[in-house]
Structure formats: structure tokens, C-alpha cells
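Comments concern the structure below.
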Amino acid sequence: MDNVFDYEDIQLIPAKCIVNSRSECDTSVTLGGHTFKLPVVPANMQTIIDESIAIYLAENGYFYIMHRFQPEKRISFIQDMKLRGLISSISVGVQSEEYEFVQQLANENLSPDYITIDIAHGHSEAVIKMIKHIKQLLPNSFVIAGNVGTPEAVRELENAGADATKVGIGPGKVCITKIKTGFGTGGWQLAALRWCAKAASKPIIADGGIRTNGDIAKSVRFGASMVMIGSLFAGHEESPGETIEVNGKLYKEYFGSASEFQKGEKKNVEGKKMHVEHKGALQDTLTEMEQDLQSSISYAGGKKLDAIRNVDYVVVKNSIFNGDKVY
Ligand SMILES: NC(=O)C1=CN([C@@H]2O[C@H](COP(=O)(O)OP(=O)(O)OC[C@H]3O[C@@H](n4cnc5c(N)ncnc54)[C@H](OP(=O)(O)O)[C@@H]3O)[C@@H](O)[C@H]2O)C=CC1
Ligand SMILES: Nc1nc2c(ncn2[C@@H]2O[C@H](COP(=O)(O)O)[C@@H](O)[C@H]2O)c(=O)[nH]1
């Protein structure tokens, strides 16, 4: 790979505007047979999403993926979402008990609309085996598999039956994979996304490294159908993380799924914890993302999200840490 770049190194080039108001621009996207208001999904992490946020997002036309860190709650969660007539979207791992869980879903005729296989290193036989297991027992579930960072991985997971792949190894705000292992797409996530998207024949979800709303438009330009975001969704009133007060200011915790805070032990730690400023209501962030993306579409010279996919761009400079610090 040469000519790598990241979000902060790219500027998209405007094309002639064809709308009279940004409100005419449509940010909706279709994934797995459902249409959502935004090509954005909050990360399936324990300090980002819980059951009530999932219900809120689904009721209001946004995509969501529930995390997998309270496995015992998943069956009742799916049942509850189905009772409410909402989409059901859960995560699984690859341990042996996860095979039994998928079997249990099939036995109970409880097929989630979306199942995300959520593993650090998704280019593995473990993930390929799990994709095949799910597709055999729950053929109607839309399977998102990841995370990966190469075209070979995207093709292998697609060939195994994945309906979408998730790209991003190490670009996350609370990620320390790039520092602890020397591997990943941290610092060149946007170039890795482009590389993977060129090989993909199914949707790609860009995951990690989004620091501004403009990065959503850049992800779409470089091939993402959907963008997974953690840090920008941390710190809301509704966010599950603990709230603390420092010098009269409120902060909320945001920790990595591979941090010792998630794992409860210091083993194979590849994530850290941070505190982010309290941000107010989740809906305000979603609304601002929608308005900014509508503006992006207008700058792209179109009325729909697809207009962004073909705009020209320039590479401005390169910086491998994307503004992040280790601690
Ligand atoms: N997107 C990203 O950059 C990253 C995301 N994460 C997030 O952290 C969470 C925990 O991830 P993960 O550690 O995969 O989940 P688990 O701890 O559940 O591990 C899943 C299984 O994969 C094995 N495994 C994990 N990493 C590797 C590896 N590098 N090589 C071989 N086997 C491996 C584990 O075994 P064993 O533990 O014995 O090795 C375990 O059997 C997930 O939610 C994941 O999304 C974590 C790191 C990077
Ligand atoms: N290397 C690690 N990556 C992690 C961990 N927990 C989550 N993640 C990934 O980060 C994104 C969110 O990134 P952000 O830049 O938007 O904050 C998330 O979706 C995961 O893919 C972790 O412990 N280690």
C-alpha cells in the first residue's frame, strides 16, 4: 500500500449546488432491507449503547447494534424488540457458547434482523466458521462480520456468507492496539477503507477514527455504506457510562471493549478508558450529524447521499496519530 492518508489529510472538493436549501438533501441509506435516516451507527460498546438507547434509535428510524457484553440479556432483548415491531440487531463473539446461543435462537425460531460478529481480528477461521454457522441456522439474519483491514479479508468473509464487512483495526479513540501490537489501520483508516471498498461486492461499514461530522462524508466518499462511531456518541445524558464531576464540570466515561474495565482483568488489554465532556441529549448530536451531512450532500452537488461517492478530493498532509494520545 502506498499513498496512505487519514481523515484529517483529505478535503473533498465542492461541485455546483443543485438545491435551494440543505433541507432538500436526503441522508437516508438502506442496509439489509431497512432504510435508516443516517448512514451512521453508534458503536456496539457498553458505554455507548444499552437497551433503552437501542429502542430510541429503532423507534426513530436510526440503525443500531446492541453490544454483546451482557450475553444473558440477548434473548429477551430480541423478543422485546420484536414485540414492539422494531428491528432487532445484536452482536456475538466466537466462543463455543456463542455457537450454542445461535442454535438456541434457531430452536426458538427467533431470528434477529441483524447479527454482528464482533471480534478484534476478524480475518480468521473462527469468524468464517461463525458466519457459516449463523447462515445455516438463521438464513434470514443479515450478518455483519469484522473487524478487518485488508481486501483479502473482505473477500474471504463475503465468500463465507457475510452480508457486510466492518473495516477498522486500531483507529478507535480508546484503542491502543496500534501501540501495543504495531498492527492495524490506525493513522490510515480512510486509505484502508478505500482499499477494502474497492474489493468489496457487499456493503462496508467503516469503524473507528471518526472525530468530526465531516469524517462521515469522507467515509461515504471512500466507500462506506454505514459508519460506526464510538467517541462522538459517548458522554450523552442517555449514555450508559458513569458520570463524574470535576471542578463543577460533568464528564462521562468511555472505555474500550478490550480494556481492563470491560474485561475485568488485565489480560490481552488493547483498550483504555477516558472521560469525555457531558454532551447533552443524544438526539441533538443525531440532528447535527443529519444537518451537517445534508450540507455535505449539497457541497457534493446532489440531493442524495450517493452524490458524495463521486466527488473529487485532495490529499493535504499526513499524521499517523489522528490527534489521539495513549493515556
Ligand atoms: N476494532 C478494533 O480495532 C478492535 C476492537 N476490539 C474490541 O474489543 C472487544 C474484544 O475483542 P476480542 O479480543 O476479539 O474478543 P474476545 O476477547 O471475545 O476474543 C474472541 C476470541 O478470539 C481470540 N482472539 C482475540 N484476538 C485474537 C488474535 N489477535 N489472534 C487470535 N485470536 C484472538 C480470543 O482468544 P484469546 O483471548 O485467548 O486470544 C477469543 O477466543 C471486541 O468488542 C472488539 O470489537 C479489540 C481490539 C481491536
Ligand atoms: N483496539 C480497540 N478498539 C476498540 C476497543 N473498543 C472498541 N474499539 C473500536 O473502536 C471503535 C470506536 O471508535 P471511535 O474512534 O469512534 O471511538 C469501535 O466501534 C470498535 O471497533 C478496544 O478496546 N480496543
Side-chain angles (χ1 to χ4, degrees), residues 6-8 40-49 63-71 90-99 101 116-130 144-150 153 165-190 192-193 205-213 215-216 219 224 226-235 239 241 253-274 276 285 289 321-326:
D6 212 344
Y7 288 100
E8 61 194 347
V40 164
V41 60
N44 49 347
M45 299 166 72
Q46 207 169 349
T47 49
I48 299 298
I49 186 157
F63 186 42
Y64 80 90
I65 302 175
M66 188 61 193
H67 65 74
R68 65 176 168 92
F69 302 110
Q70 288 165 314
I90 58 152
S91 304
V92 298
V94 293
Q95 312 281 38
S96 58
E97 55 274 19
E98 296 293 70
Y99 281 83
F101 169 64
T116 296
I117 305 173
D118 171 35
I119 293 296
H121 188 8
H123 191 185
S124 68
E125 280 308 319
V127 168
I128 289 169
K129 225 174 116 197
M130 181 53 92
I144 298 167
N147 275 22
V148 298
T150 62
T165 53
K166 196 144 66 72
V167 171
I169 304 213
K173 186 87 175 172
V174 284
C175 166
I176 51 174
T177 298
K178 62 188 175 224
I179 290 143
K180 291 197 60 166
T181 72
F183 280 82
T185 58
W188 63 290
Q189 166 70 2
L190 193 58
L193 172 64
I205 301 178
D207 180 12
I210 302 295
R211 300 288 174 266
T212 63
N213 290 351
D215 294 346
I216 299 168
S219 301
M226 185 66 77
V227 185
M228 179 170 267
I229 303 179
S231 59
L232 294 186
F233 281 114
S239 303
E253 64 176 355
Y254 174 42
F255 56 72
S257 305
S259 67
E260 65 174 294
F261 307 95
Q262 181 73 66
K263 294 183 163 206
E265 61 175 338
K266 237 179 171 163
K267 183 170 178 281
N268 294 128
V269 165
E270 290 186 22
K272 60 178 178 173
K273 174 156 94 170
M274 61 185 291
V276 298
T285 296
M289 276 179 184
F321 278 96
N322 197 17
D324 291 351
K325 294 191 175 70
V326 187

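We count residues from 1, following the sequence as given. These numbers were taken from a predicted model, which means no experiment stands behind them. Whatever order the structure lists ligands and atoms in, that order sets their numbers, starting from 1.
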For ligand 2, which part of Ser259 has a heavy atom less than 4.0 Å away: the side chain, the backbone, both, or neither? backbone
Given the protein's heavy atoms, is any one of them under 4.0 Å from atom 25 (C) of ligand 1? no
So for ligand 1, is Ile119 a polar contact partner (N or O within less than 3.5 Å, distance only)? no
Give the numbers and elements of all ligand 2 atoms closer than 4.0 Å to a heavy atom of Ile229. 16 (O)
Can you report which non-hydrogen protein atom sits closest to atom 48 (C) of ligand 1, along with the distance? Thr177 OG1, 3.5 Å
Just verifying a value: how many Å separate Asn147 CG and His121 NE2, rounded to the nearest 0.5 Å? 11.5 Å
Separation between CE of Met45 and CZ of Phe255, rounded to the nearest 0.5 Å: 8.0 Å
Provide, to 0.1 Å, the distance between atom 41 (O) of ligand 1 and the closest protein heavy atom, together with that atom's residue and name. Gln95 OE1, 3.1 Å
Using non-hydrogen atoms of the residue, decide whether Gly170 is closer than 4.0 angstrom to ligand 1. yes
Check Arg211 against ligand 2 and report side chain, backbone, both or neither, counting heavy atoms closer than 4.0 Å. side chain
Would you say Gly208 has any N or O atom under 3.5 Å from an N or O of ligand 2, going by distance alone? no
Sub-4.0 Å protein heavy atom near atom 7 (C) of ligand 2: yes
Taking distance alone, with no angle check, do Gly168 and ligand 2 share an N/O pair under 3.5 Å? no
Which residue supplies the protein heavy atom nearest to atom 18 (C) of ligand 2, what is that atom called, and how far is it? Asp207 OD1, 3.4 Å
For Ser231, the atoms of ligand 2 under 4.0 Å from one of its heavy atoms are 14 (P), 16 (O), 17 (O)
For ligand 2, which atoms, with element, lie under 4.0 Å from some heavy atom of Cys175? 1 (N), 2 (C), 3 (N), 24 (N)
The closest protein heavy-atom partner of atom 15 (O) of ligand 1 is Arg68 NH2, 3.2 Å
Heavy-atom contacts with Glu270 under 4.0 Å: which atoms of ligand 2 show up? List them by number with element. 1 (N), 2 (C), 22 (C), 23 (O), 24 (N)
Would you indicate which of Ser96, Ala120, Cys175, Gly168 comes nearest to atom 11 (O) of ligand 1 when only heavy atoms are counted? Ala120
Separation between NZ (Lys129) and OG (Ser124), nearest 0.5 Å, reads 10.5 Å
Check ligand 2 against Ala43 and write out every atom of the ligand that is under 4.0 Å from a heavy-atom position of the residue. 19 (O)
Give the residue and atom name of whichever protein heavy atom lies nearest to atom 7 (C) of ligand 1, and the separation in Å to one decimal. Ser257 CB, 3.9 Å
What residue and atom, counting heavy atoms only, is the protein's closest point to atom 10 (O) of ligand 2, and at what distance? Gly172 CA, 3.7 Å
About how many Å separate CE of Met289 and CD1 of Ile216, when rounded to the nearest 0.5 Å? 4.5 Å
Nearest protein heavy atom with distance in Å, relative to atom 17 (O) of ligand 2: Tyr254 OH, 2.6 Å
Donor-acceptor check, side chain of Lys263 to backbone of Asn268, threshold 3.5 angstrom: yes or no? yes
Does some non-hydrogen atom of the protein lie less than 4.0 angstrom from atom 46 (C) of ligand 1? yes
Show me which atoms of ligand 1 lie under 4.0 Å from any heavy atom of Phe69. 43 (O)
To the nearest 0.1 Å, how far is atom 23 (O) of ligand 2 from its closest protein heavy atom, and which atom is that? Ala258 N, 2.7 Å
When you look for heavy atoms under 4.0 Å from ligand 2, do you find them on the side chain of Met45, its backbone, both, or neither? side chain
Which ligand 2 atoms does Gly271 reach within 4.0 Å, using its non-hydrogen atoms? 22 (C), 23 (O), 24 (N)
Could you tell me the separation between the CG atom of Asn213 and the CD1 atom of Ile229, rounded to the nearest 0.5 Å? 7.0 Å
Of all the non-hydrogen atoms in the protein, which one sits nearest to atom 28 (C) of ligand 1, and at what distance? His121 CB, 4.3 Å
Taking non-hydrogen atoms only, is Phe255 closer than 4.0 angstrom to ligand 2 via side chain, backbone, both or neither? neither
Would you mind listing which atoms of ligand 1 come within a distance below 4.0 Å of any non-hydrogen atom of Ile169? 3 (O)
Which distance, rounded to the nearest 0.5 Å, do you find between the NZ of Lys173 and the CE of Met274? 5.0 Å
of all protein heavy atoms, closest to atom 5 (C) of ligand 2 is Ser257 N, 3.6 Å
Specify the protein heavy atom at minimum distance from atom 43 (O) of ligand 1: its residue, its atom name, and the distance to 0.1 Å. Asp118 OD2, 2.6 Å
Heavy atom of the protein closest to atom 16 (O) of ligand 2 (residue, atom name, distance): Gly230 N, 2.7 Å
In a check of side-chain contact (heavy atoms from CB on, under 4.5 Å) between Thr116 and each of Val92, Ile65, Val41, which one passes? Ile65
Should the proximity of Phe183 to ligand 1, defined as any heavy atom under 4.0 Å, be assigned to the side chain, the backbone, both, or neither? neither
Please confirm whether Lys166 comes within less than 3.5 Å of ligand 2 when only nitrogen or oxygen atoms on both sides are compared. no
Quick one: does Asn147 get an N or O within less than 3.5 Å of an N or O on ligand 1? yes
Test your reading of the structure: does Lys272 have an N or O sitting under 3.5 Å from an N or O of ligand 2? no
Which of the ligand 2 atoms, numbered from 1, are nearer than 4.0 Å to a heavy atom of Asn147: 21 (O)
Checking contacts now, so for atom 31 (C) of ligand 1, which I'm interested in, is there any protein heavy atom under 4.0 Å? no
In terms of residue, atom name and distance, what is the protein heavy atom nearest to atom 21 (C) of ligand 1? Val94 CG2, 3.8 Å
Closest protein heavy atom (residue, atom, distance) for atom 39 (O) of ligand 1: Asn268 OD1, 4.4 Å
